[in-house]
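Report on the structure given below.
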Amino acid sequence: MTTTPFGTGCHLHLIDGSAFIFRAYHALPPLTRKSDGLPIGAVAGFCNMLHRYVEGNTGPDAPTHVAVIFDKGSHTFRNDLYDQYKANREAMPEDLRPQIPLTRTATEAFNIACKEQEGFEADDIIATLACQARDAGGRVTIISSDKDLMQLVGGGVEMLDAMKNKRIDSDGVFEKFGVGPDRVVDVQALAGDSVDNVPGAPGIGIKTAALLINEYGSLENLLDRAEEIKQPKRRQTLIENRAQIELSKQLVQLDNNMELGFTLDDLGVRDPNADQLLSFLAEMEFRTLSKRVADQLGKEAPAIVDAPAQSADAAEAPTVADIPFDSGSYECVRDAEALKKWVTQIRERGWVAVDTETTGFDEMVVDLVGISLCVEPGRACYIPLTHKSGGSDDLFGSDDLADGQMPLQDALDLLKPVLEDDSILKIGQNMKYDAKIFARRGIDVAPIDDTMLMSYAMHAGQHGHGMDTLSERYLNHTPIPIKPLLGTGKSAITFDRVPIDDAVAYAAEDADITLRLWQLFKPQLHQAGVTTVYETLERPLVPVLARMEREGIKVDRDTLSRMSNAFAQKMAGLEAEIHELAGQSFNVGSPKQLGEILFDKLGMEGGKKGKTGAYATGADILEDLATEHALPGLVLDWRQLSKLKSTYTDALQDHINAETGRVHTSYVQTGANTGRLASTDPNLQNIPIRSEEGRRIREAFVPEEGNVLLALDYSQIELRILAHVAGIDTLKQAFAEGQDIHALTASEMFNVPLEEMTPDIRRQAKAINFGVIYGISGFGLARNLRIPRAEAQGFIDRYFERFPGIRRYMDETVAFAKEHGHVQTLFGRKIHTPEISAKGPRAGFAKRAAINAPIQGTAADVIRRAMIRMPAAIAHLPARMLLQVHDELLFEVPEAAVEDTIETARRVMETAADPAVHLDVKLVVDAGRGQNWAEAH
DNA sequence: GACATCACG
DNA sequence: GACGTACGTGATGTCC
């Protein structure tokens, strides 16, 4: 490597690469490479900026040395100082991520030194180099407008805002901060920075900070003499927040003494290598820039083959695949040599669609059978790993491995570097499943994209998001069904018994379909206006959920077993009594038989219902009958016990994992159209709590020895969101003052002073409050409160009279749904309402759902944001996040760390809407702890 | 596999 | 003027 000694008279240029990238990304529309759709806008802008920069470097002021400096990794020493550092940063846009490595390549193509270092921000490298250059007697120009770099100005160091072509010297810094460069960090430490989440001193901005620093000379002197400050508020703030201010200084202070793996001498300006640069520009298919650069270098512009332009209506009719599916064309990878070739292809591409085949559906139990990969439409492979010999018709097929498979561990060892490589995107359909399979084998798959989640972000409310649905709908292709391969019922086999040839066709096709869906959906996210939803609420949640599911929660089998026995005994007693009263034996669990006994044999009042012609025997009906007869009440008791036993005390025992001794639920991220999660196998979001008897089931959910369970739940989050979106000042004020919201509603509606409030009036108001969230109707409220319909309607009328904003919100929401076919949450999540203009009763359903969705959905978005931020926030604590129940998060934590965990988790939850949305109503989180889930609540 | 029922927020 | 109706889920047992 050639070196150019740096010394007196030399001039170093340091380019802030990340700033270039983001400027380029936001300045240009989302361009894609014509030939394959690779997002390329930021790279194009970046190259244009570099080119313009190189062009301008003439004359006596030209640099002798230059480097472009990048950030690397997301965790720096500042995160160790302060876990919330940059915690508010939104995730990198999905279409930008694959472009990051290309900007490095671009820099090298221009033959400019390209530097980054793990664990440090670009700013620290810039600081270190600037100091070295200054000490060596040279000049430095930092090409950036980032105010965090202004502390470096002076003594031959200046900044240059490349966009405005404006130099910033000491005077410029003074203009910005009111102090010289040497005191910039003091001012920043006081003023804080909301963008990087540097706390600073509350209530003190740059102006006040400069005033104080100028008066006291330095931050240290100011803090030591804080008692002397005349303004009481200011004095108190500085004294109380001393530690926080000192921490802030550490955060903003750049490290100018880093260990670097290179020296200034390595950064000498070099002429571009014409061939290298032109071939890179051609590869990116930058026609204009290629031509311009070629002209300047006196070379011929490289040919860029014109790919057929996408038809204008491609987005509207995306059902035609250019390349036909051919299940016979897929490769079966049987040895390391073949797999290595795929690894090379993946590295060249920078992305790969991945799918795993397993012996079942429980990711915590199943074995890995094979892996499929796809790098471009039609080009996919399947790697069989643990298929057994003996065909599917051989019921007693041997447990020997089939021939022609590479050892499982060999395949994983080859794939691990790819699956964990930051610069290679792993694409999946329901990637959480595959990520968990890999995680159990020590592979942490990242970064990922997920076609199921893309579909959910774009199409929630329109259709399902399973692969078969998406393939038929958007690729006009019916995937090979799995049924014929596995069979059904008792004779069904697991995938490891499927002949490898059949497996290749089926499994590789899944990866092929996934890749095609990804290529189709990727540009559509932007067009549908849901890139932010996908990037900030969907994609980053995947690893969080995967981890929670893998943690699981300890459930005490003995407790459940004892309860099951007790329930069985009670049920037997009740059953005997019921048969006695009925005068005959029958199946109490059969609504049909029960209906006939009650209404035909015993002649109670009540009609048939439903298309089936069977009597309705729901709890509400039995409750009414119970006032006249003994039998219905006994059936209700029996049903409660039956439910608790079968669904909870029995079934939960079967879900205790033999290996971990814990219960591992699966969250379905696309389970609810509103943005809520769903929990399955088992559902841990509907563990009983409302009845005393059922609540005791929560006693079986326990922490490990020495730990406690911690439950944090949002207080009235949906009503708070309603108050915000509908702009109800009275409610907002009530929440601000911490009042009892249902009592206040009651007081407003029924003109009862708060001090004279009765539980019954409050209960009615509470029902109305909830009704409003659900898209209230007189009928529904009447049924809920068991009052005449006219009376219920009177309540509603009064409510709307008192809170006219609610009616306005409802009308506007329905009108919006009719106009756009969807409603949305405060965070931009879209929920489609295809039936909103239907005729008949369906319109009523759609209307109420449309009214409810933005409220329920915004609450769901808020807790998602909290969950996404939680792992980093509690990383320094021994706490584990285990469960989510819509407005509640459950943690397991050693006793010693309980207080810290509550404080940290509560802060994350209460500030989860920031900075994307500013709610007029503060969010409040209640916390509870205990030796089981019942106590913690 | 549809339906009724009931557990949760 | 009548229609029907609270919002969002998942698991279980019965019955065809």
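Chain naming here is simple, since letters A, B, ... match the order of the sequence lines and numbering starts at 1 in each.
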Taking atom P in both B:dC3 and C:dT5, what distance in whole Å separates the two?
15 Å
Can you tell me how far P in B:dT5 sits from the matching atom in C:dA6, rounded to whole Å?
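That atom pair is separated by 14 Å.
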From [atom1] of [X] over to [atom2] of [N], roughly how many Å is that when rounded to an integer?
| X | N | atom1 | atom2 | answer |
| --- | --- | --- | --- | --- |
| A:I776 | C:dC7 | CD1 | P | 12 Å |
| A:E718 | C:dA6 | CD | C1' | 13 Å |
| A:L684 | B:dA7 | CG | P | 17 Å |
| A:Y667 | B:dC8 | OH | P | 16 Å |
| A:Y615 | B:dA4 | OH | P | 15 Å |
| A:Q856 | B:dC8 | CD | P | 17 Å |
| A:L719 | B:dG9 | CG | P | 15 Å |

Encode nucleotides 11-16 of chain C as B, S and - characters from 5' to 3', where the letter depends on protein heavy atoms closer than 4.0 Å: B to the base, S only to sugar-phosphate, - to neither.
BSSSSS
Tell me yes or no: between the side chains of A:T660 and A:H664, is some donor less than 3.5 Å from an acceptor?
yes
Between A:Q685 and A:Q884: side-chain donor-acceptor atoms closer than 3.5 Å
yes
Give A:I855 one of three labels, base, sugar-phosphate or nothing, depending on what nucleic acid heavy atoms sit under 4.0 Å from its own.
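If one applies the 4.0 Å heavy-atom cut-off, A:I855 turns out to touch nothing in the nucleic acid.
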Taking the six-membered ring for Trp, are A:F795 and A:F750 parallel (under 30°), tilted (30 to 60°) or perpendicular (over 60°)?
perpendicular
Which class fits the ring pair A:Y615 and A:F599: parallel under 30°, tilted 30 to 60°, perpendicular over 60°?
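Answer is tilted, since the angle falls between 30° and 60°.
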Taking Watson-Crick (N1-N3 plus N6-O4 or O6-N4) and G-U wobble (N1-O2, O6-N3), each under 3.5 Å, can you produce the dot-bracket string of DNA chain C? Use [ ] for crossing pairs and | for inter-strand ones.
......|||||||||.
Would you check if A:E693 and A:L644 make a side-chain contact, meaning some heavy-atom pair closer than 4.5 Å?
yes
Which ring pair (Phe, Tyr, Trp, His ring centres under 6.0 Å) pairs, counting each pair once, include a residue from residues 825-851 of chain A, with sequence neighbours left out?
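For residues 825-851 of chain A, and leaving out neighbouring residues, the ring pair (Phe, Tyr, Trp, His ring centres under 6.0 Å) pairs sorted by first residue read A:H822-A:H832.
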Contact check, residues 778-791 of chain A vs DNA chain C, heavy-atom distance under 4.0 Å, returns A:F779, A:L781, A:R783, A:N784, A:R789
What are the residues of residues 616-631 of chain A, sorted by number, that bring a heavy atom to within less than 4.0 Å of DNA chain B?
A:A616, A:T617, A:G618, A:A619
May I have all residue pairs that pass salt bridge (charged side-chain N to carboxylate O under 4.0 Å, His left out) and include part of residues 830-846 of chain A, sequence neighbours excluded?
A:E835-A:R842
